[in-house]
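Here the structure is laid out as structure tokens; the discussion comes afterwards.
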Amino acid sequence: MLVKTYGAALQGIDAIPVTIEALMDKGFGLTVVGLPDTAVKESQERVLSAIKQFGFDNPRRKVVINMSPADVKKEGAAYDLPLALGILAANEKISSAAFGDYVVMGELSLDGSLLPIKGVLPMAIMARNNGFKGMIVPSQNATEAAVVNNLDVYGINNLGEAIKFLNGEVDLTPTVVDTRAEFARAEGFYEFDFSEVKGQENVKRAFEVACAGGHNILLVGPPGSGKSMMAKRLPSILPPFTLREALETTKIHSVAGKLKQGSKLMTQRPFRSPHHTISPVALVGGGTNPMPGEISLAHNGVLFLDEFPEFNRSVLEVMRQPLEDRHISISRAKYSIDYPAGFMLVASMNPCPCGYYNHPHKACTCAPGAVNKYLGKISGPLLDRIDLQVEILPVSFDDMAKAPEGESSKDIRERVVEARRIQTERFKDEKDIHCNAQMSTRLLKKYAQPDKEGFEMLRDAMTRLDMSARAYDRILRVARTIADLDGSNDVKSHHIAEAIGYRNLDRSSWGSFK
């Protein structure tokens, strides 16, 4: 007897349907074809053991399993459940009448209980788009799959429950998730708040500008000046997730297996902070079994790189293309995958190897030329993609003691959201342009040309401070964002002046004394 069950295979952050055919034939043994990986081939012992636990005898004839499409590699242990159901139905131990209505996925233990799997959310989206009535998954993954509307999701604990449900012996209640309620519940809750930061008003303002325009930012300052502390508070002033952004980001984390058990839709923007010993593959993604890297896990959120110059040069250089294109293409001999990578880069570094160049109280002990050599670890093309370069100095004890409580993240976020609303309206007819940081030269000429006084100020700054040519467009982008925060249609001279102040490392005199 030939029986078909239905599962899914992951390709990037999306899923495609997989038809699993089980056929009883003359002979003995279990054969699986259709490009299964080692984990799928090893499923034989798990599946046959699980079947025994619920009172069914192992097939006494040869079982042939075909996983279609045969040219797509099937990876992982998530095919255990559909394989077990297919074998039982092909052996005429259970009914296969309801198999065509459901996508079934789950990893089996030897005792027949189900273990959670990766990538359930894109599988659920695929099931709905392909007209399936519902999806049967391990109970730990049910809330994740139930985020998808118009799809009945049933979470089960073991093989026996799946058999009884598909045989019509029991009725299960579909898992329901109210995504709007989840968003409302999480709105405004952040672990860190800018009100806890004493002083550093200029750096807070730089963060506000960066978030308002989607600009990348680099903080340069000595140890203890608050670089990491402030970076951790950055997500609290970013605009809230839209449903589309939340769904896209949750899919990435689902495929990577980064969602906690029982998780639903992600409601807060991700904040990823990899250690400086990270490899290029771990940062951009790929590997033998391709997985999203840190830049994709930070999609629609923040990628924070502390101790920026300590990262391997090859690691930093692989970010150049995704910083521009907002996606990363991983091409290998056996596969080619696209992952989204629309992240906001926040980096921090000491000004020199000893950390105390320009410190108000401690002397720098570095050798001559050490500052420029240290900064030289970051290539010009990469530095070119960072709009704001801000020098940060430590706050003295007296200033901290006297400083009142800072402005809350909520108040700052309201201004950021309004600035983003202005940009959304401005770029509504532009493809793949969502914020000022993504403006091309054509759009800069259209939307970010300063008034006469501002143009003269920019020309004077470029000449007097000996700024690099790459600073020109960056200053205009940032000035456009500052004007949006100011509610101004035009870029004026004081907007240009503030934007110039955020280009510390472009000045040829910076670090020249060491």
Side-chain angles (χ1 to χ4, degrees), residues 190-213 215-238 268-276 298 301-311 343-366 371 374-375 377-378 383 386-413 415-416 478 482 485 498 501-505 510-511:
Y190 295 94
E191 185 178 357
F192 304 107
D193 195 281
F194 268 100
S195 62
E196 302 159 351
V197 180
K198 301 291 186 180
Q200 303 290 16
E201 298 303 322
N202 63 318
V203 184
K204 292 180 188 177
R205 171 64 177 178
F207 273 136
E208 180 181 340
V209 172
C211 292
H215 303 286
N216 302 318
I217 182 171
L218 171 64
L219 300 178
V220 184
S225 55
K227 303 185 295 295
S228 300
M229 178 191 68
M230 298 183 72
K232 290 177 180 177
R233 285 156 175 77
L234 195 63
S236 67
I237 63 173
L238 284 168
Q268 294 184 357
R269 295 183 182 274
F271 180 87
R272 305 295 299 181
S273 180
H275 192 261
H276 64 260
V302 176
L303 178 68
F304 176 50
L305 301 184
D306 201 6
E307 305 297 343
F308 201 35
E310 301 303 327
F311 283 79
F343 60 94
M344 177 179 168
L345 176 63
V346 180
S348 68
M349 60 178 285
N350 294 329
C352 65
C354 81
Y356 294 107
Y357 175 69
N358 270 1
H359 194 284
H361 308 299
K362 297 184 180 181
C364 176
T365 59
C366 297
V371 177
Y374 191 65
L375 182 61
K377 291 183 177 182
I378 307 169
L383 203 59
I386 301 177
D387 291 349
L388 287 85
Q389 305 157 2
V390 183
E391 189 171 9
I392 176 173
L393 296 176
V395 180
S396 67
F397 174 81
D398 291 338
D399 290 339
M400 280 195 297
K402 296 176 183 178
E405 184 175 281
E407 189 177 22
S408 70
S409 293
K410 180 182 178 182
D411 294 336
I412 301 173
R413 186 168 63 251
R415 297 195 293 269
V416 169
V478 174
I482 296 170
L485 286 168
E498 184 177 351
Y502 295 135
R503 299 298 301 183
N504 294 64
L505 300 188
W510 201 92

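In this text the structure is predicted, and so the values were computed from the model without any measurement.
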I'd like to know whether NZ of Lys377 has more than 12 heavy-atom contacts from other residues, nucleotides or ligands below 6.0 angstrom.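 More than 12 within 6.0 Å, yes.
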Check for a donor-acceptor pair, side chain of [X] on one end and backbone N or O of [Y] on the other, with a separation under 3.5 Å.
{"X": "Ser348", "Y": "Asp306", "value": "no"}
{"X": "Arg413", "Y": "Ser236", "value": "yes"}
{"X": "Arg272", "Y": "Leu303", "value": "no"}
{"X": "Glu208", "Y": "Val203", "value": "no"}

Taking C-beta and beyond as the side chain, do [X] and [Y] meet within less than 4.5 Å on heavy atoms?
{"X": "Glu498", "Y": "Arg205", "result": "yes"}
{"X": "Leu238", "Y": "Val416", "result": "no"}
{"X": "Lys227", "Y": "Asn350", "result": "yes"}
{"X": "Phe207", "Y": "Val197", "result": "no"}
{"X": "Cys211", "Y": "Leu234", "result": "yes"}
{"X": "His359", "Y": "Pro394", "result": "yes"}

Distance check, rounded to the nearest 0.5 Å: [X] atom [atom1] versus [Y] atom [atom2]?
{"X": "Asn216", "Y": "Leu383", "atom1": "CG", "atom2": "CG", "value": "11.0 Å"}
{"X": "Ile386", "Y": "Leu218", "atom1": "CD1", "atom2": "CG", "value": "5.0 Å"}
{"X": "Met230", "Y": "Ile392", "atom1": "CE", "atom2": "CD1", "value": "5.5 Å"}
{"X": "Lys204", "Y": "Ile237", "atom1": "NZ", "atom2": "CD1", "value": "10.5 Å"}

Take the angle between the ring planes of Phe311 and His276 and call it parallel below 30°, perpendicular above 60°, tilted in between. perpendicular
Any residue meeting side chain to side chain contact (heavy atoms under 4.5 Å, CB included) with Asp411, in chain and number order, not counting sequence neighbours: Glu407, Ser408, Glu414
Applying the side-chain contact (heavy atoms from CB on, under 4.5 Å) criterion to Phe304, which one of Pro235, Ser273, Pro274 satisfies it?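 Output: one option passes, namely Ser273.
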What closest approach, in Å, do [X] and [Y] show between heavy atoms, and which atom pair accounts for it?
{"X": "Leu393", "Y": "Gln200", "answer": "O-NE2, 2.7 Å"}
{"X": "Ser409", "Y": "Phe194", "answer": "OG-N, 2.8 Å"}
{"X": "Ala206", "Y": "Leu388", "answer": "O-CD2, 3.6 Å"}

Taking only distance into account, with no hydrogens and no angle test, what donor-acceptor pairs under 3.5 Å do side-chain atoms of residues 219-226 form with protein atoms, sequence neighbours excluded?
from	atom 1	to	atom 2	distance (Å)
Ser225	OG	Pro222	O	2.8

